[in-house]
Amino acid sequence: MKKFITTYCLLLFMGVFAFTPTSNIDGLDAETGTLKINSDHSVSTSANPSNSKEFEKAAKSHGISHRKLTDLNNAKSGYYVIAGVFGNLKNAKKSVQRLKKSGLNAGYLQDATSALNYVYIDHYADGQGAVDACTTHFNGRYKETVWIMVSETTVAPKTTKKAVKAFDDIKGTSFPKVAKENNIPTRTFRNLEGVKNGFYIIAGVYSNGDNVKKLLKKYNRKGFEAGSIHVSDTGLHYLYLEYHTSGQHAIDACVDQLEGKYKDNVWIMQVEESEPVEETATIQATEGTASTNSTEELLLAEQKTATSISVDEVSYDMLTATSQANSTSIISNTPNKSKLIQKADSYFNKMWYAEAAELYEQALAKGEKNYSFDIIQKAADAHYFNTNMEKAHSWYEVLYEQYGKELSADNIFKYAHSLKGTGKYARAKKLMRLYNKKMNRAQEGELEDSNPTPNEIVLDNILGATQNFEIKNMGINTEYSDFSPMFLDSSKVVFASAKDSSFLNTRRYKWNNQPFLDLYVAKINKETQDLKGAIKFSKKINTKYHEASVTFSPDNTTMYFTRNNYGKKLKRDKNGVNHLKIYVSNKVDGEWTEAREVPFNSDTYSTGHPALSPDGKQLYFVSDMPGSIGQTDLFVVDVLENGNFSEPKNLGPEINTERREMFPFINDKKLYFSSDGHTGLGGLDVYEAAIDEEGGFMEVLNVGQPVNSNKDDFSYIVNEENQQGFFASNREGGKGDDDIYSFKRLIVEEVPENLNAIAGVVTEMVTGDIMPQALVELLDENGIKLKEVVTEEDGSFVFEDLDSSTKYILKTTKGEYFEDNREVTTKENELVNVDVNLRRLEEMIALEDGIKKLKTEMIFFDFDKSYIRKDAAAELDKLVEVMTEYPDMVIKIESHTDSRGSNVYNKYLSEKRAKSTRDYIISQGIDASRIESAKGYGEEQLLNNCNGRIRCTEEEHYRNRRSEFIIVDM
């Protein structure tokens with residue numbers, strides 16, 4: 001950027017998206033360059049496309065998109081041909097029904113994480129079958145655009161009922177389910193060499209083996225049978241407090257907080273299919289397929305695939321361990337590059353984006369011969385990193401128009417943010433939809449879906465909110481970067497600036513031709529809220545390289561700040577990257593001492609942006625260390641009395657996103673930080689999260705305009721008492737690059753109290769017992785979640801400040817109970833009471849004449865029809881809920897007719913009804929193997945005397961047209 005945010009911030013913050021281009025596949029005609037197609041429309045290759053690489057080649061040759069997804073609910077391994085992706089489950093079910101009417105073997109899969117529903121046309125065990133089906137349009141039955149989902153299931157195969165009992169001591173259910181009910185996170189590892197099968201209670205994951213050894217001694221002294229598992233592929237150490245052969249015992253130990261000896265968060269590692277060895281304090285292992293890939297493993301994998309960076313000049317490099325330049329230059333290279341482009345690439349790879357952008361512009365001006373994906377993308381990225389959003393947007397638009405299908409999620413994200421940066425919010429919304437779908441491996445074809453997403457609603461609310469701030473540009477700002485203010489005391493602010501070094505020396509970092517940064521201190525004019533008389537902070541702290549982002553202890557005797565990693569010269573990792581580190585200095589006799597590193601720094605990743613809590617006992621900071629959720633995350637450590645620190649703790653997914661979180665500031669009431677991962681106006685926006693009574697954080701909220709703009713807005717600090725403070729921004733109208741602004745938050749006049757509310761009590765239907773801890777969600781008419789609460793100890797809940805005369809949907813769920821959905825309409829300034837009764841799932845299981853059955857309301861059919869009616873579908877949905885709750889349940893379906901019609905025809909009709917019932921249950925995600933049979937009995941088992949020999953009413957005949965469900969095993 002032209003602002004320091006490009007160096008100091010964006011350096012801190014880039015992630016790597018690695019793309020591997022596919023080579024030509026076997027079966028490619030050497031003369032024509034086309035793929036050979038046999039007369040039966042199958043692809044002619046020398047290898048089975050079930051092989052992942054061959055499948056990718058075959059799919060690509062036919063223009064068939066494909067995505068890989070793991071562990072979707074009830075998904076089998078193999079290849080699903082996807083017709084659509086739906087956020088609304090009802091719409092997905094309707095789509096499945098339409099496809100089935102066309103004779104297709106359709107169904108849907110649900111991703112519990114994203115709540116998306118993937119409607120598939122058919123499932124294939126091998127890639128060849130999926131490719132053939134697409135090329136023949138399913139024998140002409142479906143000609144719309146489709147894509148192929150490559151499904152991988154890493155969940156362990158189901159054991160028999162006997163095996164589960166012996167292994168887990170958990171009767172009638174599974175280990176993951178019981179762990180989830182007790183809010184205990186779990187992960188499954190397989191094929192670990194030298195690790196005993198069983199259940200390990202994990203206290204932490206660390207990259208530093210020395211730290212693990214110290215902690216092991218500490219925990220063993222406290223009476224734990226602690227040990228660690230070292231995963232050699234990732235270099236991570238999993239420190240466990242206890243080992244159990246029984247899953248139930250491990251869960252009990254966690255619930256009991258290990259007999260009250262350990263009250264911090266833990267999770268359970270389940271190890272399966274590994275070679276047992278003698279127990280040792282440290283186990284060397286290689287991780288196999290895990291049920292969920294951890295973020296730290298993905299990050300390390302990306303680091304291993306990244307290419308090296310040559311840093312020929314001092315640069316204030318980013319917080320990630322690999323270069324953003326790598327992430328944007330891997331896709332495709334222009335053959336026979338000119339010397340001009342080669343030079344531009346060299347600048348780009350060194351992160352000298354100002355020079356690179358100029359040279360790419362020159363190359364593109366020579367004509368469309370240079371309009372390759374690689375060059376256009378780098379030109380757009382170079383402008384993006386210099387925050388020239390107008391030019392970035394123009395080149396991303398060219399990239400989108402010419403190479404739309406090849407754009408990565410990262411390309412789409414930057415394009416959308418460049419649109420926000422130029423005020424084009426409507427188009428940016430559509431691009432962010434596409435970005436979200438790509439991140440969830442969804443279908444690009446739904447870009448034009450007209451229903452607003454929750455993110456779009458949030459953005460509209462931000463744009464429409466009342467602007468209750470007054471802001472002012474500061475007199476100390478220069479033509480260079482001035483940012484990261486921090487209160488030294490009530491009368492002074494310390495900030496980072498490049499102001500003086502511009503004429504004291506010629507050393508500049510090449511990212512955007514900015515001089516190096518030092519710390520300055522200025523006085524606050526309390527009447528004008530301006531900053532005056534800026535002078536350099538301390539010769540002991542400022543060096544010939546970068547210093548920025550400072551924080552002070554409550555007594556002003558300790559300071560933490562960010563600096564390049566250097567000794568006598570800059571230190572670089574194996575990829576040539578000079579990382580950032582946090583340093584600490586103490587004041588002795590009124591002077592700051594030589595700074596020293598904090599122990600959680602590393603030469604392989606960056607730490608920065610320190611921020612102390614008001615009591616000085618917690619230090620918040622930014623890092624891309626292993627265990628990060630996104631490109632950079634917010635972490636916290638405890639500052640211990642002996643000058644040591646606890647292990648870093650990630651603030652979690654409620655605060656951190658897959659993008660960049662940075663510049664934390666915390667006071668007694670709120671945490672403030674900047675992010676481009678949460679919904680915002682463009683670039684970095686400032687967000688706040690109130691601190692709850694237990695020390696956690698509540699919902700993340702955008703601070704709003706005018707503090708936030710379509711540019712980068714960051715390093716926000718505030719005096720919570722008078723609502724005055726400072727922040728930095730590179731918005732239009734500033735004096736230079738990043739400028740510091742003061743703000744005053746205006747007091748909003750009180751508005752009349754909104755009495756519109758919905759309240760109620762949740763009880764158990766049969767016993768009438770109140771039900772605490774039930775989840776109640778408030779949805780709008782379109783099914784979009786607006787709010788959620790958990791019922792109190794007396795089973796009560798309330799939603800306040802609602803719109804009057806508005807229809808809402810209340811959705812109530814809890815454990816082993818049926819989901820309750822009901823419509824509620826608010827009244828003008830009145831409280832609407834709604835009592836919810838939940839029915840146990842197990843109530844549908846009944847014993848009749850020694851036979852265990854699932855007792856739904858009768859599943860009836862219209863006369864001479866076999867389709868599933870709406871009322872029948874509602875009952876079958878309840879059956880599906882029970883089968884989902886009892887994953888080992890196996891049933892058989894028996895369907896019946898009345899006595900009208902011939903015996904042969906009635907037998908045929910009942911067979912159709914049985915199969916319709918079975919197909920509907922499977923379409924809702926139940927594995928077909930769990931339905932032992934679906935058989936029709938015609939009129940053989942009438943419920944009354946209506947056998948054709950006596951006159952019966954329509955209602956009496958109606959009772960015989962039904963399906964029943966027999967439980968074979970559970």
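Atom CZ of Arg822 and atom OG1 of Thr812 lie 7.0 Å apart (nearest 0.5 Å). To the nearest 0.5 Å, the span separating CG on Leu634 from CD on Glu661 amounts to 6.0 Å. Rounding to the nearest 0.5 angstrom, the gap separating the CG atom in Leu786 from the CG atom in Leu802 is 8.5 Å. A distance of 11.0 Å separates OG of Ser742 from CD1 of Ile717, quoted to the nearest 0.5 Å. For the atom pair Leu779 CG and Glu788 CD, the distance stands at 10.0 Å (nearest 0.5 Å).
Here the closest heavy-atom approach between residue Ser623 and residue Ser606 is recorded as OG-O, 2.7 Å. Of all heavy-atom pairs spanning Thr657 and Asp633, the tightest one is O-OD1, 3.9 Å. The nearest pair of heavy atoms linking Leu488 to Val494 is CB-CG2, 4.0 Å. Heavy atoms only, all atoms of each residue included: Asp685 and Ser709 are closest at OD1-O, 3.5 Å. Leu619 and Pro610 make their closest contact through CD1-CB, 3.9 Å (heavy atoms, listed as atom of the first residue, atom of the second, distance). When all heavy atoms of Thr791 and Met771 are compared, the pair lying nearest together is OG1-O, 2.8 Å.
No donor-acceptor pair closer than 3.5 Å links the side chain of Asp638 to the backbone N or O of Leu640. Remark: side-chain polar atoms of Thr186 are not paired, donor with acceptor, to backbone N or O of Pro176 under 3.5 angstrom. Asn650 places a side-chain N or O within donor-acceptor distance of the main-chain N or O of Gly652, the cut-off being under 3.5 Å. Judged by distance alone, the side chain of Thr188 and the main-chain N or O of Gln270 form no donor-acceptor pair under 3.5 Å. Not a single donor-acceptor pair under 3.5 Å links the side chain of Asp712 to the backbone N or O of Gly683. The main-chain N or O of Ile784 is never found under 3.5 Å from a side-chain atom of Asn782 such that the two would form a donor-acceptor pair.
Residues Asn265 and Lys649 have side chains in contact (heavy-atom distance under 4.5 Å, counting atoms from C-beta outward). Looking at Val686 and Phe663, their side chains never come closer than 4.5 Å, going by heavy atoms from C-beta outward. Taking the side chain as every heavy atom from C-beta outward, Asn708 and Asn702 approach each other to under 4.5 Å. Annotation: side chain of Phe673 is in contact with side chain of Val700 (closest heavy-atom distance under 4.5 Å). Side-chain contact between Ile691 and Phe697 is present, with heavy atoms from C-beta onward closer than 4.5 Å. A 4.5 Å side-chain heavy-atom check between Asn833 and Leu831 finds at least one atom pair inside the cut-off. For the pair Asn756/Thr806, no side-chain contact is recorded, criterion being any heavy-atom separation below 4.5 Å from C-beta on. Side-chain contact between Val212 and Leu215 is absent, with no heavy-atom pair separated by less than 4.5 Å.
Inspection of the Ser484 and Ser549 side chains reveals an N or O donor paired with an N or O acceptor under 3.5 Å. A donor atom on one side chain and an acceptor atom on the other are not found under 3.5 Å apart for Glu819 and Thr813. Looking only at atom types and distance, the side chain of Asp489 has no donor-acceptor partner in the side chain of Asn556 under 3.5 Å away.
Contact check on Lys670 versus Glu688 returns a salt bridge, with a Lys/Arg side-chain nitrogen under 4.0 Å from an Asp/Glu carboxylate oxygen. Under a 4.0 Å N-O distance rule, the pair Glu647/Lys218 does not qualify as a salt bridge.
For Phe621 and Phe600, the distance between ring centers is under 6.0 angstrom.
By the side-chain contact (heavy atoms from CB on, under 4.5 Å) test, Glu793 pairs with Pro772, Gln773, sequence neighbours left out. Lys827 is linked by a side-chain contact (heavy atoms from CB on, under 4.5 Å) to Glu830, Val832, counting only residues two or more places apart in sequence or in another chain. With sequence neighbours excluded, the residues that form a side-chain contact (heavy atoms from CB on, under 4.5 Å) with Lys744 are Gln724. For Asp794, the side-chain hydrogen bond (donor to acceptor under 3.5 Å, both in side chains) criterion is met by Ser796, not counting sequence neighbours. Under the salt bridge (Lys or Arg N to Asp or Glu O under 4.0 Å) criterion, Glu764 pairs with Arg840, not counting sequence neighbours. In terms of the side-chain contact (heavy atoms from CB on, under 4.5 Å) criterion, residue partners of Thr763 (sequence neighbours excluded) are, by chain and number, Val761, Ile770, Asn837. When the ring-ring contact (aromatic ring centres under 6.0 Å, His included) test is applied to Tyr262, the partners found at least two apart in sequence or on another chain are Tyr219. Evaluation of the ring-ring contact (aromatic ring centres under 6.0 Å, His included) rule for Tyr672 yields Tyr716 as partners, not counting sequence neighbours. Evaluation of the ring-ring contact (aromatic ring centres under 6.0 Å, His included) rule for Phe413 yields His417, Tyr435 as partners, not counting sequence neighbours. Partners of Glu823 under the salt bridge (Lys or Arg N to Asp or Glu O under 4.0 Å) rule, at least two apart in sequence or in another chain, are Lys807. Listed by chain and number, the residues in a salt bridge (Lys or Arg N to Asp or Glu O under 4.0 Å) with Lys814 amount to none (sequence neighbours excluded). Applying the salt bridge (Lys or Arg N to Asp or Glu O under 4.0 Å) rule to Glu816 yields the partners Lys177; only residues at least two apart in sequence or on another chain are considered.
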| request: Report the C-alpha distance between Ser804 and Asn829 in whole Å, list the side-chain angles of each, state the deciding distance to 0.1 Å, and finish with yes or no for side chain to side chain contact (heavy atoms under 4.5 Å, CB included). | output: CA-CA 7 Å; Ser804 62; Asn829 279 329; over 6 Å; no
| request: Give the intermediate values and the outcome of side chain to side chain contact (heavy atoms under 4.5 Å, CB included) for residues Leu651 and Tyr620. | output: CA-CA 9 Å; Leu651 294 195; Tyr620 294 80; 4.1 Å; yes
| Would Leu778 and Leu810 count as a side chain to side chain contact (heavy atoms under 4.5 Å, CB included) if you check the C-alpha gap in whole Å, the side-chain angles of each, and the deciding distance to 0.1 Å? | CA-CA 5 Å; Leu778 184 73; Leu810 280 185; 3.9 Å; yes
| request: Report the C-alpha distance between Ile268 and Cys254 in whole Å, list the side-chain angles of each, state the deciding distance to 0.1 Å, and finish with yes or no for side chain to side chain contact (heavy atoms under 4.5 Å, CB included). | output: CA-CA 9 Å; Ile268 298 177; Cys254 292; 3.9 Å; yes
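When each of Arg659, Arg660, Gln631 is tested with Asp676 by the rule side-chain hydrogen bond (donor to acceptor under 3.5 Å, both in side chains), just one qualifies, namely Arg660. Looking at Phe561, Phe665, Phe495 one by one, the single match for side-chain contact (heavy atoms from CB on, under 4.5 Å) with Met486 turns out to be Phe665.
The aromatic rings of Tyr240 and Tyr200 sit perpendicular to each other, their planes meeting at more than 60°, with 30° as the lower class boundary. The aromatic rings of Phe483 and Phe714 lie tilted to each other, with the angle between the two planes from 30° to 60°.
Other residues, nucleotides and ligands contribute only 12 or fewer heavy atoms inside 6.0 Å of the CD atom of Glu654.
Cation-pi contact between Arg187 and Tyr238: absent, since separation from the ring centre below 6.0 Å together with deviation from the ring axis within 45° is not met.
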